[in-house]
Amino acid sequence: MKEYYIAESIKNRHTSAGKLIWIMPLIVVALSAGLTGDYFTIDCYNWWYITLFPGMTAFLCGAVGNRDKKLGNRAIWTLPVKPGTIWDTKVLYGIRCMGIALLVLAGVTLAASTGMERILHSTFRISLTPGQQIFAVLVLFTVSLWQIPFCLFLHQLLGLFPMVLLHIGSWGLCSIWLSLKPYFWVLPGGIAARLMCIILRILPNGLPAEPGSMTWSPELVEWTGLPMGIAASIFWFFLFWHLSRRWFEREVER
């Protein structure tokens, strides 16, 4: 398993997968600093998990699965290991890349906000403490793991661009609208946005989660939603991993 994971990492070292995890977080931080300085910190995270994050994950999974898919997964036949193990290495590599991207986002956001406050003497209308940001990134990582096996499966089934369009479209629908519903935990795409209402006090539309803001309601910031959302996301992750692994094994062995 370890050898195949290392091989997967080397295989993707010079692909777009290695570049996306650095470029996408830097883009969202640069856009937030240039377009919404007063709300810099909250926009870094809001724009990330509403728009750029699902796009990055989709293209990342496309890059990870593309080489074997182009060959019809025939190269896997020659390996002395079950196809499910190869699938596991792809999922684990995708998880590692996702974690790095989130660390880059948190690190650059913290460094930029500190520099803007101390050097440029900028003031933010809404500030997030380092503790809030670190906790938010940890939760984002946990509740977004399901995207990796899900997007890898869709890429194998549909191809790159249909997968990207379907994932971003469904994520946008769930994050912006359905995450506000009581049944948000049933839809994995809406869990991240709902939990950020609780942790960062930001609504999916980017407004502060407080009375008077459009779409505000008190239940959106109730802490009881946090364990429910995390548990549901972990369930979806293992379900998608298990089902996609079984499908991949049958597809390769067919």
Side-chain angles (χ1 to χ4, degrees), residues 24-57 98 101-114 116-117 122-147 168 170-185 187-230 232-233:
M24 298 297 274
L26 293 175
I27 287 176
V28 74
V29 172
L31 287 174
S32 299
L35 298 178
T36 59
D38 290 348
Y39 296 94
F40 168 73
T41 311
I42 65 170
D43 282 340
C44 281
Y45 291 98
N46 182 253
W47 292 0
W48 175 256
Y49 62 77
I50 293 295
T51 56
L52 273 74
F53 192 23
M56 184 211 72
T57 305
M98 175 186 285
L102 286 168
L103 287 175
V104 172
L105 174 71
V108 175
T109 301
L110 282 168
S113 60
T114 301
M116 292 170 70
E117 288 177 329
S122 301
T123 56
F124 305 128
R125 297 188 183 183
I126 300 176
S127 295
L128 300 175
T129 66
Q132 278 181 296
Q133 296 182 53
I134 293 170
F135 183 46
V137 165
L138 290 174
V139 171
L140 275 175
F141 176 74
T142 304
V143 302
S144 301
L145 291 173
W146 65 269
Q147 293 185 79
I168 293 178
S170 60
W171 180 281
L173 175 65
C174 291
S175 294
I176 296 173
W177 180 44
L178 298 178
S179 64
L180 304 174
K181 305 297 183 180
Y183 50 82
F184 74 95
W185 54 273
L187 305 163
I191 294 175
R194 178 61 171 265
L195 299 192
M196 292 305 103
C197 294
I198 300 170
I199 299 170
L200 300 180
R201 301 286 168 162
I202 309 169
L203 296 172
N205 56 19
L207 296 175
E210 59 187 26
S213 295
M214 186 181 300
T215 72
W216 154 263
S217 60
E219 61 269 17
L220 295 180
V221 295
E222 291 180 356
W223 281 92
T224 53
L226 188 63
M228 182 187 301
I230 292 174
S233 296

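Below, each value reflects all heavy atoms present in this structure, side chains not excepted, and no hydrogens, waters or symmetry copies. Residue numbers run from 1 in the order of the sequence given. Just so we're clear, the structure is a prediction, and the values are computed from it rather than from any experiment.
Considering all non-hydrogen atoms of both residues, A192 and L140 come closest at CB-CD2, 3.8 Å. Residue P25 comes nearest to V28 through the heavy atom pair O-CG1, 3.1 Å, listed as atom of the first residue, atom of the second, then distance. For the pair G229 and I191, the tightest heavy-atom approach, listed with the atom from each and the gap, is O-CG2, 3.5 Å. The minimum heavy-atom distance between A101 and M56, with the atom names listed, is CB-SD, 3.6 Å. Of all heavy-atom pairs between L226 and I198, the closest is N-CD1, 3.8 Å.
A 4.5 Å side-chain heavy-atom check between Y49 and L195 finds every atom pair outside the cut-off. A 4.5 Å side-chain heavy-atom check between P54 and Q147 finds at least one atom pair inside the cut-off. Between L102 and W48, some side-chain heavy-atom pair lies under the 4.5 Å cut-off. Residues I50 and P204 meet the side-chain proximity criterion, which asks for heavy atoms closer than 4.5 Å. Counting heavy atoms from C-beta outward, M214 and L203 have side chains that stay 4.5 Å or more apart.
Here the side chain of S113 pairs a donor or acceptor atom with the backbone of L110 at under 3.5 angstrom.
Between the CE atom of M196 and the CG atom of L220 there is a distance of 13.5 Å, given to the nearest 0.5 Å. Here the straight-line distance linking atom CG of L35 with atom CG of D43 works out to 9.0 Å at 0.5 Å rounding. In this structure, CG in L173 is found 14.0 Å from CD1 in I168, a value given to the nearest 0.5 Å. The CZ atom of R194 lies 13.0 Å from the SG atom of C174; values are rounded to the nearest 0.5 Å.
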### Task
Kindly indicate, with the supporting measurements, whether the criterion side chain to side chain contact (heavy atoms under 4.5 Å, CB included) is fulfilled by N205 and I176.
CA-CA 7 Å; N205 56 19; I176 296 173; over 6 Å; no
### Message
Applying side chain to side chain contact (heavy atoms under 4.5 Å, CB included) to L207 and W216, what does each step give before you reach the verdict?
### Response
CA-CA 9 Å; L207 296 175; W216 154 263; over 6 Å; no
### Message
I'd like to know whether T57 forms a side chain to side chain contact (heavy atoms under 4.5 Å, CB included) with M98, so could you lay out the CA-CA distance, the side-chain angles of the two residues, the decisive distance to 0.1 Å, and finally the verdict.
### Response
CA-CA 7 Å; T57 305; M98 175 186 285; 4.0 Å; yes
### Message
I42 vs L200, test: side chain to side chain contact (heavy atoms under 4.5 Å, CB included). Steps then yes/no.
### Response
CA-CA 8 Å; I42 65 170; L200 300 180; 6.0 Å; no
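Pairs passing the side chain to side chain donor-acceptor pair (under 3.5 Å) check and including a residue from residues 174-185, sequence neighbours excluded, read W171-S175.
With sequence neighbours excluded, the residues that form a side-chain contact (heavy atoms from CB on, under 4.5 Å) with I27 are I23, M24, L31, L52. Residues satisfying the side-chain contact (heavy atoms from CB on, under 4.5 Å) criterion with T109, sequence neighbours excluded, are V29, F40, T41, C44, Y45, L105, Q133.
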